[in-house]
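Bear in mind that the values here come from a model prediction, so they are computed numbers and not experimental data. Note that these values count all heavy atoms, side chains included, but never hydrogens, waters or copies made by symmetry. Just so it is clear: chains get the letters A, B, ... in the order the sequence lines come, proteins before strands, and each one is counted from 1.
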Number of protein chains: 2
Amino acid sequence: MKASLVTIEPNGHSCSDCAVREFAVCSSLDAAELRELEHLGRRVHFAAGQTVFSEEDITTSFYNVLDGVMRLYKLLPDGRRQIVGFALPGDFLGMNISGRHNFSADAIGTVTICQFAKAPFTRFIEDRPHLLRRINELAIRELTQARDHMVLLGRRSADEKVATFLLGWRERLILLKGPIGTVPLPMSRQDIADYLGLTIETVSRTFTKLERLGVIEIIPGGIGLLDAERAGALAAA
Amino acid sequence: MKASLVTIEPNGHSCSDCAVREFAVCSSLDAAELRELEHLGRRVHFAAGQTVFSEEDITTSFYNVLDGVMRLYKLLPDGRRQIVGFALPGDFLGMNISGRHNFSADAIGTVTICQFAKAPFTRFIEDRPHLLRRINELAIRELTQARDHMVLLGRRSADEKVATFLLGWRERLILLKGPIGTVPLPMSRQDIADYLGLTIETVSRTFTKLERLGVIEIIPGGIGLLDAERAGALAAA
DNA sequence: TCCGATTTTTGATCCCGATCAATGACGCCC
DNA sequence: GGGCGTCATTGATCGGGATCAAAAATCGGA
């Protein structure tokens, strides 16, 4: 029997053995609170390519990424797409003030998510200022990243964009999983292009150029960073 | 005697008659709290072009814009500039997690600011979750704007960028001051260019083009919006 | 293991917005 | 009111990245 595209984990799971415990919003909670939170969230699995929520959808849940990578994006009426970020384990999605999501979110590869119904989670936050402070902290960090990305989109060349992306992505993965050999790139070239405000052809050409320069090595599903120094210079950080 | 470029208002002022009372972060406070807050903040005036704080500066204060317009921007090492936003009365500046500002802020024209020393204000927030919630709300709203701006920078043409900017700026002013005739543009063409990821020449040419099309009328210090419908179509919202 | 679909790479050409250059329009201070 | 510095507009040309097109590589399924 074929697995469904979206499956809810049937049996109990516990926050205490959660992989993203110290990265996620939950890091602000004590043991007792975690036990209470366990009853509010449920683990959900999404297959590659599935949409978790869409822009303009009414917000009914908040989401905590546990495993996998997601693309967060906005579409223009004519189909042009801008990816506003990639979500990794520990990222918290769904906060907004309009009551509607202001971007869409797809699973890239399979993804596991901890899903909280909006109302009970909002009530849970209510009298827990430390959790609110943690959420605020995550929002401010995202805001900082968003501003950095504006600089990239508005003022950097294609070469700088690609180099900056590769270094930044690598840095995030290292922060999450520790030192790594090669850099996995689970997203497609088109995703990278839509993240950097380029076309797929330009991204592909720039990858090839960087390889020719001996800065990277293109491997299936990722790249190897051969000359971090040189890459940093190209990124012009 | 010539006025100094930065002046601190000498005598007492009161939050109760503050112009941005209902827009700002303070809208979450009751009368008693406002009276307490009064002692933490002081009004400061900046002359046109003055820098209020710079990127990488250690954050020693938070700022509440009371009057005037500010440009918020980031610089690349080689001088390229990206304006990440324009601050208007009611906007709250200075939140970050690194302890350093992550963008610079200049006064455009004269600006009045309500300045709070970081430590006492942080303490003031401490046991006032409603204020924290309000700050979080403002952060999330900015995040939404930041994502919209990413789409503009990454995926829109010059014409769309300019039209979108004019409509968005007009909308913000209307929200703040009610219906207006012409749209004042206190920032320079260079500021607009650095906000939209364009050059000053392209902005100027696009303005002229929109005027030739009968969409706007260029007047000293601003524009008149003659055909909002047409402008909206060009913006391709 | 082979085949068809999809994704990625590479090549040729085009065009939008940047760059370079000059002129025009203010505002400001003596 | 005249001269000067700054900012905005306009014109001519250039080039980086987009677009159009095709080949090559990779992947998934029978």
In whole angstrom, give the distance that lies between atom CD1 of Ile216(B) and atom C1' of dA8(D).
13 Å
Walking DNA chain D from its 5' end, the first of Arg189(B) and Arg156(A) to be reached, judged by nearest nucleotide, is Arg189(B)
Just how far, in rounded Å, is P of dA8(D) from CD of Glu211(B)?
15 Å
Distance check needed: dT10(D) C1' versus Ile218(B) CD1, whole Å only.
12 Å
Side chain proximity check, Gln82(A) to Arg156(B), heavy atoms < 4.5 angstrom:
no
Considering every strand and a 4.0 Å limit on heavy-atom distances, what is the contact class for Thr199(B): base, sugar-phosphate, or nothing?
base
Gly197(A) near the nucleic acid: base, sugar-phosphate alone, or nothing, with a heavy-atom cut-off under 4.0 Å?
sugar-phosphate
Determine, for Asp191(B) against Arg81(B), whether the closest basic-nitrogen to carboxylate-oxygen distance falls under 4.0 angstrom.
yes
Pair Glu160(B) + Arg80(A), salt bridge at N-O below 4.0 Å:
yes
May I ask you to say what Ser204(A) touches in the nucleic acid, namely base, sugar-phosphate or nothing, with a heavy-atom cut-off under 4.0 Å?
base
With a 4.0 Å limit, can you tell me whether Ser188(A) has a side-chain N or O closer than that to the phosphate oxygens OP1/OP2 of dT7(C)?
no
Under-3.5 Å donor-acceptor pair between Arg205(A) side chain and dT19(D) base:
yes
Atom CG of Leu185(B) to atom P of dT9(D): distance rounded to whole Å?
11 Å
Length of the CG-P vector between Asp191(A) and dT7(C), whole Å:
10 Å
If I take atom CG in residue Asp194(A) and atom P in nucleotide dG17(D), what distance separates them, rounded to the nearest angstrom?
17 Å
Please give, in whole Å, the distance from dC26(C) C1' to Ile219(B) CD1?
15 Å
Rounded distance in Å - CZ (Arg80(B)) to P (dA18(C))
13 Å
Below 4.0 Å: OP1/OP2 of dG16(D) and any side-chain N or O of Ser157(A)
no
Looking only at side-chain atoms of Glu201(A), point me to the closest of dT9(C), dC20(D), dG17(D).
dC20(D)
Which one of Ile8(B), Ile113(B), Thr112(B) satisfies the side chain to side chain contact (heavy atoms under 4.5 Å, CB included) criterion with His45(B)?
Thr112(B)
Can you classify the ring geometry of Phe53(A) versus His101(A) as parallel (below 30°), tilted (30 to 60°) or perpendicular (above 60°)?
parallel
Nearest to the Ile200(A) side chain among dT8(C), dG17(D), dT9(D), which nucleotide is it?
dT8(C)
Out of dG17(D), dA18(C), dT9(C), which nucleotide sits closest to the side chain of Thr202(A)?
dG17(D)
